[in-house]
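Here the structure is a predicted model, which means the values were calculated and not measured. What you see below is based on every heavy atom in this structure, not just the backbone, and it leaves out hydrogens, waters and symmetry mates.
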Amino acid sequence: MRADAEALDWIIALREAPEDLETRARFDQWRAAAPVRARAWEESARIYAGIGEASPLHSKHWARLGERREAAPISSIPGARRPRPAYGMRAEGRRAPGKGRAPMAAALSAVAAALVVVLAAPEAVLRWQADAIAGTGELRTMTLADGSHISLSPGSAVSIDYSSAERRIGLLRGQAWFDVQDDPRPFRVTARNVETTDIGTAFEVGLTDGATRVAVGHGIVRVDDARTGRTISERLVAGQNVSVDPAGKALRGTAPLELIGAWRDGRLAVQDRSVSEVVDALRPWHRGIILVRPGALAGRRVTGIYDLQDTAGAMGALTKAHGGRVTQITPWLLILSDG
C-alpha cells in the first residue's frame, strides 16, 4: 500500500532530522490527513521498534560497527518524541508499569509465529529437496563421485542424482559453477525449465527472479527447454551466454572469459542489469537485510564489477553512481532509495 511506503519514508526522514521542526510539522500533517496513514504509521513504528530490539543473527560480524544503541520503545521512533497524542498514543494519563504490554506481546508473538511459518516453510521444502546448500556468505566447493567439481555461491542449493545412465544436477536456488570430468554418461543441469547438457566443459548456471542464465567458461554446452524438448542453443561455446525468461524466450550474449564465474573470486560482474537485479545478486553475500524502495533507482540499468567481500561498499557505490542513497536503519538493515 502507498501509505505503508510513505510511513517508511517518514521513519527515514525523522531519523535523519530528529530536531527539524518543519519536518515534524509536515509529518503531523501527513499522519492526520487520513486514518489509513495513521494505521500505517503505527504498524511501521511497531515493526521498526521490533527490529531495534532484535539482535542481529550474525552479531559477531557487526562488532566492528560499535555498540548498538539502546533499543527505543515504539513511541520514540527517531524524531517522534513520547508521549504525544499526535503520534498515536491516547492522552489518558500515565499507565501502571507493564499494563497493556501483554496484549501487545501476544500480538507480536502471533505475528512472529506467522512469519516463521511463511518464511520457514519454503526453506524446509528446499532443504528436503537439496543434497547441498551453501550458507549466507559461504562459497562451497564439492567433488562429486566422478571427479567433477561444483562451486556454489552463497545461498545456493542443488540436488544430485547420479545413475548408470546419466549424471543429473538440479539447481534449486542461486548459481553454481560446474567443472565436468569426461564420462560416458551425459552430465545435465536442470534449472527451472532450462536443461543444460555438458559436452566436456566448465560452465555456470544461475537463477534470478526473471530468468535462468547459462554461461560457458570453456568447452561446449547445449541448452534445451525441458518442458518442450525444444533446443534453445545447439552450441554455446566459451565466452557465450544465454538468458532464458519464464516464457522460454532466449537472449544470447557474450562476456570476457575472466568475468564468467568471477563470483568465485569475490567479484560480481554485471552487464546491463537493473539495480534491483544487482541487489538480488548481492543479498546472499550480505549478512543482513537489504530493501530496495520502489522508484527510479530500482530500474536503472548498470554495468560494472562489484566487490562481494564488501557488500555495503558495493551498494554505496551502486547507489551513488546512479543518484540514489543507502540508509542504515540498524547495523543489519539497509534501505536503498532514490536520492
Side-chain angles (χ1 to χ4, degrees), residues 56-65 119-120 122-144 148-160 169-179 189-192 202-215 217 241 243 255 258-271 273-292 302 304-318 326 328 330-336:
L57 178 61
H58 303 281
S59 58
K60 63 181 180 181
H61 296 283
W62 303 102
R64 59 186 175 83
L65 298 178
L119 297 176
E123 186 69 18
V125 172
L126 179 75
R127 290 184 176 276
W128 179 75
Q129 294 175 325
D131 292 301
I133 298 178
T136 301
E138 176 193 10
L139 275 174
R140 183 172 181 183
T141 300
M142 300 174 296
T143 301
L144 302 180
S148 297
H149 299 281
I150 301 179
S151 295
L152 300 180
S153 70
S156 300
V158 293
S159 61
I160 302 169
I169 307 295
L171 180 62
L172 307 176
R173 183 173 67 189
Q175 61 184 343
W177 175 270
F178 303 92
D179 195 342
V189 178
T190 303
R192 291 200 183 103
F203 62 99
E204 69 174 347
V205 181
L207 293 171
T208 66
D209 287 341
T212 301
R213 182 176 179 273
V214 180
N241 61 70
S243 181
E258 63 270 19
L259 297 184
I260 296 177
W263 50 268
R264 295 176 299 148
D265 299 318
R267 296 175 298 156
L268 173 65
V270 299
Q271 185 174 9
R273 303 271 294 277
S274 70
V275 168
S276 61
E277 288 178 305
V278 176
V279 171
D280 284 343
L282 288 170
R283 279 194 177 101
W285 299 80
H286 182 72
R287 296 184 182 275
I289 299 172
I290 309 171
L291 302 178
V292 181
V302 301
I305 299 176
Y306 301 92
D307 185 358
L308 291 170
Q309 306 306 316
D310 180 16
T311 51
M315 286 182 286
L318 181 67
V326 178
Q328 182 172 305
T330 73
W332 58 290
L333 174 59
L334 301 179
I335 299 177
L336 278 63

Visitor: Keeping the roles fixed (side chain from R264, backbone from G261), state whether a donor-acceptor pair exists under 3.5 Å.
Guide: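 Checked: pair present.
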Visitor: Examine distances only and state if a side-chain atom of D265 and a backbone atom of R267 form a donor-acceptor pair shorter than 3.5 Å.
Guide: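 Flag not set: sc D265 to bb R267 has no pair under 3.5 Å.
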Visitor: Applying side chain to side chain contact (heavy atoms under 4.5 Å, CB included), run through T208 and R273 and close with a yes or a no.
Guide: CA-CA 11 Å; T208 66; R273 303 271 294 277; 4.1 Å; yes
Visitor: Are the side chains of V205 and Q175 in contact, using a 4.5 Å heavy-atom criterion?
Guide: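 Q175 does not reach V205 side chain to side chain.
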Visitor: Using the side chain to side chain contact (heavy atoms under 4.5 Å, CB included) rule, take R192 and L207 through it: C-alpha gap first, then chi angles, then the decisive distance, then the call.
Guide: CA-CA 8 Å; R192 291 200 183 103; L207 293 171; 3.5 Å; yes
Visitor: What is the minimum heavy-atom distance between A157 and A130, and which atoms define it?
Guide: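 In this case the closest contact between A157 and A130 is CB-CB, 4.1 Å.
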Visitor: Decide side chain to side chain contact (heavy atoms under 4.5 Å, CB included) for L171 and T190; before the verdict, give the C-alpha distance in whole Å, the side-chain angles of both, and the deciding distance to 0.1 Å.
Guide: CA-CA 6 Å; L171 180 62; T190 303; over 6 Å; no
Visitor: Assess whether side chain to side chain contact (heavy atoms under 4.5 Å, CB included) is satisfied between I305 and L268, documenting all intermediate values.
Guide: CA-CA 5 Å; I305 299 176; L268 173 65; over 6 Å; no
Visitor: Kindly compute the distance separating CZ (R140) from CD1 (I133), expressed to the nearest 0.5 Å.
Guide: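 The CZ atom of R140 sits 8.5 Å away from the CD1 atom of I133.
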Visitor: Is there side-chain contact between R213 and N241, with at least one heavy-atom pair below 4.5 Å?
Guide: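 SC-SC contact between R213 and N241 confirmed.
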Visitor: Can you tell if the side chain of V279 reaches within under 4.5 Å of the side chain of L318, non-hydrogen atoms only?
Guide: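 Heavy-atom side-chain distance check passes, below 4.5 Å.
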Visitor: State which residues pass salt bridge (charged side-chain N to carboxylate O under 4.0 Å, His left out) with D131; sequence neighbours excluded, sorted by chain then number.
Guide: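 Partners of D131 under the salt bridge (charged side-chain N to carboxylate O under 4.0 Å, His left out) test: none.
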Visitor: Could you state the interatomic distance from CH2 (W177) to CG (L152), rounded to the nearest 0.5 Å?
Guide: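 With rounding to 0.5 Å, CH2 (W177) is 13.5 Å from CG (L152).
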Visitor: Could you check if a side-chain atom of V158 sits within less than 4.5 angstrom of a side-chain atom of M142, using non-hydrogen atoms only?
Guide: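 The answer is yes; the side chains approach within 4.5 Å.
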Visitor: How far apart are the closest heavy atoms of I260 and G217, and which atoms are they?
Guide: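 Closest pair (atom of I260, atom of G217, distance): CG2-N, 4.3 Å.
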Visitor: Measuring from atom CD1 of I290 to atom OG of S276, what distance do you get when rounded to the nearest 0.5 angstrom?
Guide: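 Here the rounded value is 12.5 Å.
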Visitor: On a heavy-atom basis, which atom in Q129 and which in S159 lie closest, and how many Å separate them?
Guide: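 Scanning both residues, the minimum pair turns out to be O-CB, 3.7 Å.
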Visitor: Heavy atoms, side chains only, cut-off 4.5 Å: are V302 and V278 in contact?
Guide: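 The answer is yes; the side chains approach within 4.5 Å.
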Visitor: Minimum heavy-atom separation for A176 to W263, with atom names?
Guide: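 Shortest heavy-atom separation between A176 and W263 comes out as C-CZ2, 3.9 Å.
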Visitor: Side-chain contact, heavy-atom cut-off 4.5 Å: L334 with I289?
Guide: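 A side-chain contact under 4.5 Å is absent here.
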Visitor: Report the distance from atom OG1 of T311 to atom NE2 of H286, rounding to the nearest 0.5 Å.
Guide: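 Rounded to the nearest 0.5 Å, the OG1-NE2 separation comes out at 5.0 Å.
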Visitor: Quick check for you: to the nearest 0.5 Å, what is the distance between D310 atom CG and W285 atom CH2?
Guide: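 If I round to the nearest 0.5 Å, the distance is 13.0 Å.
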Visitor: Taking all non-hydrogen atoms of both residues into account, name the closest pair between L291 and R283 and its distance.
Guide: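 Heavy atoms of L291 and R283 come nearest at CA-NH2, 4.2 Å.
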Visitor: If you define the side chain from C-beta out and look only at heavy atoms, does anything of P154 sit under 4.5 Å from T136?
Guide: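 No, every pair of side-chain atoms sits at 4.5 Å or beyond.
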Visitor: Any heavy-atom pair between the side chains of E204 and V214 that's under 4.5 Å?
Guide: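 They are not in contact (no side-chain heavy atoms under 4.5 Å apart), so the answer is no.
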